[in-house]
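Structure, as structure tokens:
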Amino acid sequence: MEGPSPKHKLVEIKKRSKSNPEKEHSSKSRGGEEPMVQTSKFLSRRLPLSTSTPTNPTSKFLPPFLSQTGTQTQTPSSSPLPPTPSFASILQQIKHQRPLQQAHALLITSALANNVFLSNRLINSYSSLGLLPIAHHIFHQMPLKNVVSWTILISGLSKNGLFTEALEVFCQMKDSGVAPNAVTFVSVLPACAHLGMIRIGKSIHGLLIRWGIEINVYVETSLVDLYAKCGSLGVARRLFDQMSERNVVSWNAIISGYSENGLGEEALNLYKRMQSNGFVPDFVTIMSLLLACSGLGRLQIGKMVHGFMIKCAFENDELVVTALMDMYVKCECIEDGYQVFCMKLVKDVVAWTLMISSFSEVGYGNKAMELFHEMIAEGDVKLDSVSLIAVLSSCARLGALQQGRRVHGLTKKIGFEDDVFVGSALIDMYANCGSLENARSVFDGMAQKDVVCWNAMIAANGMNGCGADAVGLFFQMKDLGLNPDAATYVSVLCACSHAGLVDQGICIFYSMVDELDSDVIPNLQHYACVVDLLGRAGRLNDACSLLNSMPLQPDTGVYGALLGACRNHENINLGLEISEKLFELDPQDAGYYVLLANMYAVAGNWEGVKTTRVFLRSKGLKKAPGFSSIEIDREVYAFMAGDRDHPQYDDIDKFLKALITKIEAAGYVPDTKFVFQDVADDVKRDLLYHHSEKLAIAFGLLRTQPGMAVRITKNLRMCNDCHTASKFISSAAGREIVIKDANRFHYFRDGVCSCKDYW
DNA sequence: TTAGGGTTAG
């Protein structure tokens with residue numbers, strides 16, 4: 001039974017016992033585990049079930065079971081009995097499966113097989129090694145279980161990430177009639193916190209109060225962490241402010257709560273308070289501060305934390321160093337992040353994943369893939385679902401189908417075939433590499449599909465020009481009883497927009513606005529999609545009315561969609577008006593200025609072009625240059641417009657000239673309207689011929705086998721003239737040309753594009 | 001009791 005001693009004493013004893021293994025045995029006695037009554041706080045020479053001395057000095061240096069010889073005396077069994085106190089502490093110290101199983105076997109054959117205290121220790125040891133099925137088995141075999149048995153199992157499950165199972169065991173415990181204590185609550189609350197299950201968390205909080213469980217700093221910290229992790233920062237903060245006693249962990253819980261919820265400023269402010277209250281930050285504090293800097297993009301403070309890390313010798317802590325890498329890359333200092341990564345002594349899967357996804361996000365896809373192969377070559381890095389998702393996402397961005405297929409093979413090989421997260425990433429990878437069939441076969445083969453999988457498949461159809469199928473999937477999903485979320489609506493509306501399914505898109509949008517079968521409240525992205533849908537269809541007036549009547553303040557996404565439509569439909573006056581709004585909302589985005597300059601160019605207003613460009617330069621803004629990339633033999637080659645750096649440039653140029661001559665004979669007329677520079681016509685034509693799309697197509701035709709499709713990825717929207725030229729090239733060369741641009745796929749076959757020129 | 005990396009949309 002639970003001893004009546006105050007909890008803080010237990011904490012104190014535990015702390016002491018950690019630093020002195022000899023006291024280990026007495027420390028736990030307060031929890032009521034041992035079959036003896038404790039009389040002294042720290043010293044117990046009265047040993048349960050054995051009169052042996054607690055520690056044999058040589059035993060530390062021997063394998064656990066060899067050190068037992070002759071240490072037991074008075075035992076009521078003839079079997080080889082372990083002397084309980086030493087045995088119990090040894091059980092706790094075993095760090096490997098084999099010796100633990102040997103000890104387990106020894107226990108089973110002894111008279112102590114049913115000893116609750118030893119069985120609890122055994123469960124704890126198996127849990128620590130992650131061997132939960134064995135821990136569970138022992139637990140179920142126990143004829144008598146006490147509160148500690150239940151608590152150890154709950155805690156073991158929770159610490160091994162089996163949060164749902166931990167909650168289930170907690171419920172079973174309640175039903176079994178064993179009353180949980182404070183430690184039980186401290187074990188189960190983190191499970192709720194990790195699952196983000198605020199409702200269950202609240203009811204457990206209620207139980208805690210109703211049953212009069214003693215509140216200590218551990219319980220309160222767990223509650224603060226629960227509410228903070230579930231995003232209820234107000235409640236977390238109130239509980240934190242009301243705490244009568246706080247420790248570093250309590251401060252960390254609230255600070256990391258703010259950091260993780262994107263409230264970095266508040267996290268930094270609280271840290272100042274923590275310092276002024278005399279608390280010394282530990283590695284978790286440092287990690288939370290770095291996370292706050294990452295979220296805020298506050299490089300200067302991040303660097304200060306880095307300095308502090310060096311001063312306090314945290315720079316060798318693997319977890320902290322990964323957080324430091326994250327800070328640098330999120331503050332757009334990928335080189336510094338990479339440098340920290342390279343200096344890292346132990347590169348685990350998390351560090352590799354962070355670096356791979358960072359390079360991929362900033363557009364260095366080849367570097368990301370190179371790192372992935374390096375990681376595999378290391379041999380001892382254990383891939384997990386997150387790392388696979390990161391590399392699949394990199395393949396998706398690159399449009400690297402061959403490499404993506406290899407990664408798919410790898411996911412099967414290492415047993416991640418049934419992971420819904422990996423499945424969604426695979427669908428996305430195939431969709432972004434222009435292989436809708438493969439995306440569909442992954443989708444169809446999935447044993448379980450969540451909303452994200454459906455969203456990915458809907459988006460896959462949308463971007464590959466199968467809008468009607470995307471709409472079909474949307475309704476099929478609803479028929480199956482799955483609730484579409486905000487992202488589902490974005491995917492399906494976007495699919496309608498690209499396919500020109502205006503009426504269907506509007507119907508779906510208004511079913512959401514009118515709350516018919518949907519609990520999703522339309523957000524800015526949804527409005528942007530519908531403005532885009534109307535704008536693409538040339539219904540600029542309707543798009544404007546929607547924009548003016550929407551209940552939310554339009555953002556750059558909504559205005560940007562309308563500006564795109566103004567560009568497509570050459571409505572300069574409206575374009576000018578919208579540009580003004582965009583410059584106000586986001587004066588730092590060069591893209592809008594370039595779009596306006598290009599609109600002026602299309603209208604032949606070269607004065608307007610000049611003014612806009614001068615203005616852009618005066619503000620020191622630069623837009624990311626357009627480039628087209630192509631994967632050949634698992635290598636990705638990128639081309640910029642007029643790029644003469646390629647080693648095979650002369651061959652490409654020669655081939656391209658012949659190709660242009662051929663398609664001109666077939667009726668292609670270069671459209672110099674899409675040259676946004678005021679130069680002579682022949683120069684315009686030359687500029688047009690050397691657009692990145694055309695260079696990549698020529699290179700692809702040269703380097704791939706006849707009959708093979710040429711697959712290209714462009715980072716921006718495809719140029720109109722290149723679109724026309726691609727149609728002609730597809731018939732002249734007798735090849736399928738697949739171009740993925742910033743918006744969608746274009747499949748050029750026999751002189752026709754899958755987008756039916758609606759884009 | 002606190003703890004680093006990821007998927008769908010734009």
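Every chain is numbered from 1 and lettered A, B, ... according to where its sequence line falls, protein lines coming before strand lines.
Looking at heavy-atom distances under 4.0 Å, F283(A) makes contact with a base. The residue V490(A) sits close only to the backbone: its heavy atoms come under 4.0 Å of sugar-phosphate atoms, none of a base. Residue M463(A) is classed as a sugar-phosphate contact, given heavy-atom separations below 4.0 Å to backbone atoms only. Nucleic acid contact for S387(A): base, since at least one base atom lies under 4.0 Å from a heavy atom of the residue. Among the heavy atoms of the strands lying under 4.0 Å from A459(A) are primed sugar atoms or P, OP1, OP2 only; no base atom is included. Among the protein residues, T488(A) comes within range of no part of the nucleic acid, since none of its heavy atoms lies under 4.0 Å from any strand. Residue-level contact check: N247(A) touches the bases, meaning some heavy atom is under 4.0 Å from a base atom. Counting non-hydrogen atoms under 4.0 angstrom, D485(A) reaches nothing in the nucleic acid. Among the protein residues, K449(A) comes within range of no part of the nucleic acid, since none of its heavy atoms lies under 4.0 Å from any strand. Among the protein residues, L354(A) comes within range of the sugar-phosphate backbone only, with heavy atoms under 4.0 Å from sugar or phosphate atoms but none that close to a base. Among the protein residues, V248(A) comes within range of no part of the nucleic acid, since none of its heavy atoms lies under 4.0 Å from any strand.
Nearest to the side-chain atoms of V249(A) among the listed nucleotides dG6(B), dT2(B), dG5(B) stands dT2(B). The side chain of N455(A) has dT8(B) as its nearest neighbour among dT8(B), dA9(B), dG4(B). The listed nucleotides are dT7(B), dT2(B), dG4(B); the one nearest the side chain of K344(A) is dG4(B). Comparing dG4(B), dT2(B), dG5(B) by their nearest atom to the side chain of E260(A) picks out dG4(B). Of the candidate nucleotides dG4(B), dT1(B), dT7(B), dT7(B) has the atom lying nearest to any side-chain atom of A425(A). Candidate nucleotides dT2(B), dA9(B), dG5(B) were compared by shortest atom distance to the side chain of D428(A), and dA9(B) ranks first. The side chain of V284(A) lies closest to dT2(B), out of dT2(B), dG5(B), dT7(B). For S424(A), counting side-chain heavy atoms from C-beta on, the closest listed nucleotide (dG6(B), dT7(B), dT2(B)) is dT7(B). Nearest nucleotide to the side chain of H194(A), out of dG6(B), dT2(B), dG4(B): dT2(B). Taking every side-chain heavy atom of T322(A) into account, dG4(B) is the closest of dT7(B), dG4(B), dT2(B).
One can place NE2 of H306(A) at 19 Å from P of dG4(B), the figure rounded to the nearest angstrom. Taking atom CD1 on I286(A) and atom C1' on dT2(B), their separation rounds to 13 Å, with Å as the unit. In this structure, M309(A) places its CE atom 15 Å from P of dG4(B), rounding to the nearest Å. When the P atom of dA9(B) is taken as reference, atom CD of Q525(A) falls 10 Å away, rounded to whole Å.
Taking the charged nitrogens against the carboxylate oxygens, E318(A) and K344(A) do have a contact shorter than 4.0 Å, which makes a salt bridge. The pair E266(A)-R237(A) meets the salt-bridge criterion, since a charged nitrogen lies less than 4.0 angstrom from a carboxylate oxygen.
For dT1(B), its base never sits under 3.5 Å from the side chain of S222(A) at any donor and acceptor pair. Scanning atom types as modelled, one donor and one acceptor separated by under 3.5 angstrom connect the side chain of D348(A) and the base of dG4(B).
Of the candidates F509(A), W454(A), Y527(A), F474(A), Y489(A) forms a ring pair (Phe, Tyr, Trp, His ring centres under 6.0 Å) with just one, namely F474(A).
If you check the side chains of S288(A) and S259(A), you find no donor sitting under 3.5 Å from an acceptor.
Ring pair F359(A)/Y364(A) is tilted by interplanar angle, where 30° to 60° counts as tilted.
In terms of modelled atom types and a separation under 3.5 Å, the side chain of H526(A) and the main chain of A486(A) share a donor-acceptor contact.
An aromatic stacking contact links F421(A) with the base of dG6(B), defined here by ring centres under 5.5 Å apart and ring planes under 30° from parallel.
Taking only side-chain nitrogens and oxygens, K229(A) comes nearer than 4.0 Å to OP1 or OP2 of dA3(B).
Not less than 6.0 angstrom separates the ring centroid of W352(A) from the ring centroid of F372(A).
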